[in-house]
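Naming convention: chains lettered A, B, ... in sequence-line order (proteins, then strands); numbering from 1 in each chain.
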Amino acid sequence: MELIYFTEQPMATYPEEDAKLEVPIGPGKTQRVTSLMLSNKYFDPVSGSRLYNERLEEYVLVDEVGFDGIMLNEHHTAPFCMSPRINVFGSILAAITKRVKIVMHGNPLPVVDSPVHLSEELSMIDMISKGRLVSGFVRGGGVENIQANQNPVFNRERFDEAHDLVIKTWTTPGPFRWEGKHFQFRVVNPWTAPLQKPHPRIWIPGVASKETVVWAAEHRYPYVGLGTNFDLSQKIKDIYREAARRVGYEAGPEQFGQLLQCHVAETEERAERNAQEFMWMAGEFTGLNHPIWGTPTGYGSPSNRKSYIEIAAGRRPMNRPPSMNQRRLERTFIWGTPDRVVEQLKVVLDNNRVGILCLWANDGRIDHENSKTCIRLMGQEVLPAIREYAKELGLVGPFEANTPVSLAETPKEELQPVG
Amino acid sequence: MTLAAEAWTEERVELFGGQLHLLKGGQGDPLVVLPRDNGYPGWQPFHSILAERFTVYVPSHPGYHNSDGPAWSWLANVRDLAIVHRRLLRTLGLDSVTLVGLGFGGWLAAEMATMDERPFKSLVLVGPMGIQPAEGEIFDQFLVNTETYARASYHDEANFEAVYGAEPEFEYLENWESDREMTSRIGWKPYMYNRTLPGLLGGVSVPTLVVWGRQDRIVPLECGGLYADALPNSRLEVLEACGHAVDIEKPNELAKLVLTFAKTL
């Protein structure tokens, strides 16, 4: 079992009341937004500096108390995530932590200008950390595409091509030339290489878009569901397993991961108060969005086209983030004393049977002291109990299972495609 | 208005392995109307008035308005579209064409003329995109929904609602969405202009009328001046109380400008 720590690194000090922004989403309708157009005049670098350094101190503690990894994510132009470049934090963690894996969830491939530069940076992080990098790729949200001014219509094409180029850069000696549809390089020959061979593991985080689940399965990359409830987790597994069989392997728990919100405190009362602080910004982890910014034209799945058009036109309500109580009932947000949390996490593992469990432990306005207490309690009481239980259930992560890092790196004779 | 001018036909034209949708009506010299980037709502009063004097052709853009989107998804930029439209004129056997371009269609018309102006008798560019404004910005449709963009084309939204209704049917929304997907494909950035166009327009000597709605919220009026400056044989006319959709908001006035302009040639 891989137990991974996560926080979205919010700019929790921004003045939420002053910074209320409503934008029109159609005739006579408005929507509150907390991204893209919410002015960065509300970003305070003094508290920004403090918050960055508090997070670093917490990450060192995470390393010390026994987590297996630290998951990093990036978002842009929004207060819910202060990390617009995970490779910056990844680089720092490579130097200041000792044991944890640095889990990139993920680098938004379609919006990067140079997959070659990206592969260089990741190789550096892998070498500096002495082989602790877990790479991960995402499509980037709609806002990421808009702010980077990358055409959403080509999001999936750019994702595929950038991925292929990064892998080739890591696995094929240069120099070689790359003449693709979206990327062209006269000479690819970076004077860097990842320490882990054949290349660092790649885990794919996502919110259950079918195309990405299938893509991950076809590449034999573990898929980590972000905040998915039991039903959705099951749906992901069904889709993934079917695609995995098609390309020739059986997907066990090591191919599945889950991120859930999970906070512990010394008392139930304190945990409950912190949980409410965690749920700032309506608990929306990609911010409150204009539907077009969240899903620009050409970005979404063709299978959702009709409902997308209706939502974009303001004729069908956007899917709202579930309430705190609903999350509690669905066990996508668990809080309490360590005993209570362990009890609930066991139910999650019974149902979802994942080999990678990412605990989104602190967020919103939970302060530094409470964050550190949470991390300590997790290390002392939650992680050992969950590790033990995962062992009983036979839930192993990709490292323990020692699976090939990808389908391309799986010996052909081991593959038995079905159907 | 004669019955003949109000009668029109609809056909599909095969080109480059894809299809274009084409409306045709009237009698006389050929006049081609290139529509805006968010579809066209069929044969309009503006077309009927022109059809009294011209044979009016209204093609869809490749990849737009039921014109076989996937078959055109290989096109990469606005000049590609201009080349397809030039090929369409050849296929239809048209010469000495009066080319009227509306908004995005005006940009295409301008690009077509820069390639070779011989097939054209005159150009009428109505609120065309294509030249980067010096002061303002071209309205960015990719930050709002399709209906908001369509409505912004009108000075008086009652004119929008007269065509599309107060709450447009799903079919319109769907068309706008697929049109916009094609626009994104070919025009995401730089948004709705081509830096080399003003220079190339210097080589176009065909008589050109540039028309702008005073209240155009899509392409700033200043671009009208930039077009008139770039085109050696052109003049600018501004219509009052009128937005970007000049053909819908002021069909009579626009048609009159076109007809009067044609008489001077």
Side-chain angles (χ1 to χ4, degrees), chain A residues 21-31 33 35-38 77 110-111 113 142-158 180-182 184 289-302 304-318, chain B residues 37-39 63-64 69-70 72-78 80 137-154 156-161 164-193 217:
Chain A
L21 176 63
E22 292 266 341
V23 295
I25 57 166
K29 297 190 189 80
T30 62
Q31 155 88 43
V33 296
S35 77
L36 193 64
M37 295 294 187
L38 181 66
T77 66
V111 308
D113 283 326
V143 166
E144 275 62 48
N145 282 261
I146 294 171
Q147 62 82 33
N149 213 10
Q150 292 295 353
N151 194 339
V153 169
F154 298 123
N155 180 282
R156 236 169 237 292
E157 288 181 10
R158 288 178 65 93
K181 178 173 176 187
H182 296 287
Q184 299 83 30
N289 248 330
H290 187 300
I292 298 295
W293 306 347
T295 310
T297 288
Y299 172 88
S301 170
N304 297 332
R305 194 175 168 86
K306 186 168 185 291
S307 71
Y308 166 66
I309 290 172
E310 286 172 349
I311 291 169
R315 295 193 188 171
R316 185 198 275 220
M318 289 173 79
Chain B
D37 54 340
N38 48 357
Y64 289 71
W72 294 108
S73 62
W74 54 279
L75 296 177
N77 57 54
V78 170
D80 289 350
E137 286 171 10
I138 294 171
F139 187 107
D140 190 349
Q141 63 179 302
F142 295 122
L143 295 177
V144 299
N145 69 29
T146 53
E147 184 179 341
T148 302
Y149 178 58
R151 282 177 179 271
S153 297
Y154 294 79
D156 181 353
E157 288 197 19
N159 292 327
F160 167 88
E161 292 181 5
Y164 297 102
E167 185 164 305
E169 298 286 328
F170 184 76
E171 193 188 336
Y172 282 124
L173 299 177
E174 215 171 13
N175 273 335
W176 287 333
E177 186 61 29
S178 63
D179 286 350
R180 179 149 92 170
E181 211 167 299
M182 191 66 190
T183 304
S184 187
R185 198 170 278 284
I186 56 154
W188 171 261
K189 71 179 174 186
Y191 184 64
M192 287 294 174
Y193 61 83
R217 286 184 279 158

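Considering OG1 of A/Thr297 and CZ of B/Arg180, their distance stands at 3.5 Å, rounded to 0.5 Å. Separation of atoms CD (B/Gln141) and CD1 (A/Ile292) is listed at 10.0 Å; rounding is to 0.5 Å.
Heavy atoms closer than 4.5 Å to chain A are found in both the backbone and the side chain of B/Glu167. With a 4.5 Å cut-off on non-hydrogen atoms, A/Leu36 touches chain B through its side chain but not through its backbone. If you measure heavy-atom distances from B/Glu174 to chain A, the contacts under 4.5 Å come from both the backbone and the side chain. Contacts between B/Ser184 and chain A at a heavy-atom distance below 4.5 Å involve backbone atoms as well as side-chain atoms. Heavy-atom distances place both the backbone and the side chain of B/Glu181 under 4.5 Å from chain A.
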Exercise for review: Please report the C-alpha distance between A/Ile146 and B/Phe142 in whole Å, then the side-chain angles of each, then the deciding distance to 0.1 Å, and finally whether the side chain to side chain contact (heavy atoms under 4.5 Å, CB included) criterion is met.
Suggested key: CA-CA 9 Å; A/Ile146 294 171; B/Phe142 295 122; over 6 Å; no
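For chain B, the option among A/Gln150, A/Glu310, A/His290 with the highest count of heavy-atom pairs below 4.5 Å is A/Gln150.
Of all non-hydrogen atoms in B/Leu143 and A/Trp293, the two that sit nearest each other are O-NE1, 3.0 Å. The shortest non-hydrogen separation linking B/Trp188 to A/Asn145 is CZ2-O, 4.3 Å. Residue B/Lys189 comes nearest to A/Asn149 through the heavy atom pair NZ-O, 2.9 Å, listed as atom of the first residue, atom of the second, then distance.
Although no hydrogens or angles enter the test, the distance criterion places a donor-acceptor pair under 3.5 Å between the side chain of B/Asn145 and the main chain of A/Ile25.
For B/Glu137, the CD atom is loosely surrounded, since the number of other residues' heavy atoms within 6.0 Å does not exceed 12. Within 6.0 Å of atom CD in A/Gln184, more than 12 heavy atoms from other residues, nucleotides or ligands are found, so the atom counts as buried in its surroundings.
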